[in-house]
Amino acid sequence: MPETPPELPAEKVLKTTPLTQAHVALGARMVEFAGYDMPVQYPEGVLKEHLWTRDSAGLFDVSHMGQARLRGVAPLAAFEEVTPGDFIGLKPGKQRYSVLLNRQGGIIDDLMAGRPVGPDGRGDDALFVVVNGACKDNDFKVIDNELAGQVVIERLEDRALMALQGPLAAAVLTAHVPEVATMVFMDVRALTGFGVDLIVSRSGYTGEDGFEISVPGHAAVSVWNTLLADARVKPIGLGARDSLRLEAGLPLYGHDLDETTSPIEGDLGFAVSKKRREARDFPGAARIAQELSHGPARVRVGLKVLEGAPAREGAQIADEDGRVIGVVTSGGFSPVLRQGIALGFVPPLHSEPGTQLKVIVRGKAQACEVVKTPFVAHGYVRKL
Amino acid sequence: MRFTKDHEWVELDGDVATVGITAYAAEQLGDVVFVETPEVGKTVKAGDGFAVVESVKAASDVYAPISGQVVETNGELSGSPDVVNAAPEAAGWFARLKVTNPAEVEALMDRPAYEAFLATL
């Protein structure tokens, strides 16, 4: 049972978030994640935390993620030089999911970028960007290199980030920040709440309705405890965060996406806007245009494991004749469906929902089926 | 009942040993969602990986604490793997082995020794 991770070398000092001590006090099991000491689960465990988030509201510390403001004369236009999204057309108060691309059209990271507006409907033109914790230093270096002279990156190191996710998240947060009641999915606003300035977006990475809340670091513990004082809210660790995003069919950078993966292969074609497809003016546009017209060599699909153990990252995917055609890039057990689910890459020929395939788990070929994602329906509130 | 440093337990009855994972192991794993038990008839050597237990997040090997031949597996685990969490050192047993060398069982830790070992972790 070699479950206990090896001892970390004594010289490796993990970074902490403003909430690290709060997690320890709650009895969290802490692990290293993206260089930070983070809670993987609290005493109730991953399964209960996962289901609680689907039924009520879960509170996550995601302060390890990178937050920054990009300022400049025309930061939206500049951002189009490193991403395939329509940022010039991004309205105040909205945010978009996008990807940083390398010159081969591979994904350097996925991210959220938005224009927070205040309650008066006004906002500046700076772009508020949230990127993955493990990638943030490189991301900001890439942006700085590529957009030198056009944008200034103001990293918001002094801010914490938490996600409140689940069907009751809006009811909970409205009690403290009434303005969020009028927000819909992918709205982003600069608000005052809990006595401090907030940047709130109606988004997250669990498939549920919910919010990501950026707060000044000094106020993080107070906001965290205020939200947890609501009986509808429980703290949720990174273990359930991962199983929730997998059920939601959302890719995880470093696993389902990397620098070799294009947004078309990654089933993120929606992130390549129509206007930019026509203009072909983003990094790797030639490859991406080719994949759009002729199809990519491989594509990300969802798989339901029909028999046997859950298929984990690295498991081979085979066709019905046993030929290896692809690989699982993330997989696990779905607490809602109570079966193994996975994301993986296969040739387009094998990517249609309903296609019967095999996953090889510890040498055994187990039946699986290509399915549409999400595995569990999204709860996003798109209209009020 | 005897215990290994890998957190398996063994209980010998005649020349048949029942094998499972300890309460400590079940607690460390968290919610068990799948158990793969060995096939009946399989011969295993002490230290061989002979079963796999999966939580939501991860798969972990279970090593055969002793040598022997698998004579029975716990069928209940296929439908209710959570029995491993509920009763790890009783109803959550994994397999029964016909032991080839009972001295291997005697060589394992007794409960006070195992608890002393846990205290060092």
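The figures that follow rest on heavy atoms only: side chains count, while hydrogens, waters and symmetry mates do not. A note on names: the letters A, B, ... follow the listed sequences, proteins ahead of strands, and every chain is numbered from 1. Given the structure is predicted, the values throughout are model-derived calculations rather than measurements.
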For A/Lys364, does the NZ atom sit with more than 12 other heavy atoms under 6.0 Å from it, leaving out its own atoms?
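Counting other residues, nucleotides and ligands, NZ of A/Lys364 stays at 12 neighbours or fewer.
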I need the residue from A/Ala240, A/Ser334, A/Pro310, A/Gly239 with the largest number of non-hydrogen atom pairs under 4.5 Å to chain B.
A/Pro310
Shortest non-hydrogen contact from B/Glu36 toward A/Ala309:
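For B/Glu36 and A/Ala309, the tightest heavy-atom pair comes out as OE1-CB, 4.3 Å.
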I'd like to know if B/Glu54 and A/Arg362 make a salt bridge, using a cut-off of under 4.0 Å between side-chain N and carboxylate O.
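Counted as a salt bridge, because a side-chain N and a carboxylate O are separated by less than 4.0 Å.
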How long is the gap from CG on B/Asp31 to NE2 on A/His50, to the nearest 0.5 Å?
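Nearest 0.5 Å value for the CG-NE2 distance: 11.5 Å.
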Heavy-atom distance under 4.5 Å to chain A: side chain of B/Val35, backbone, both or neither?
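Looking at B/Val35, nothing touches chain A.
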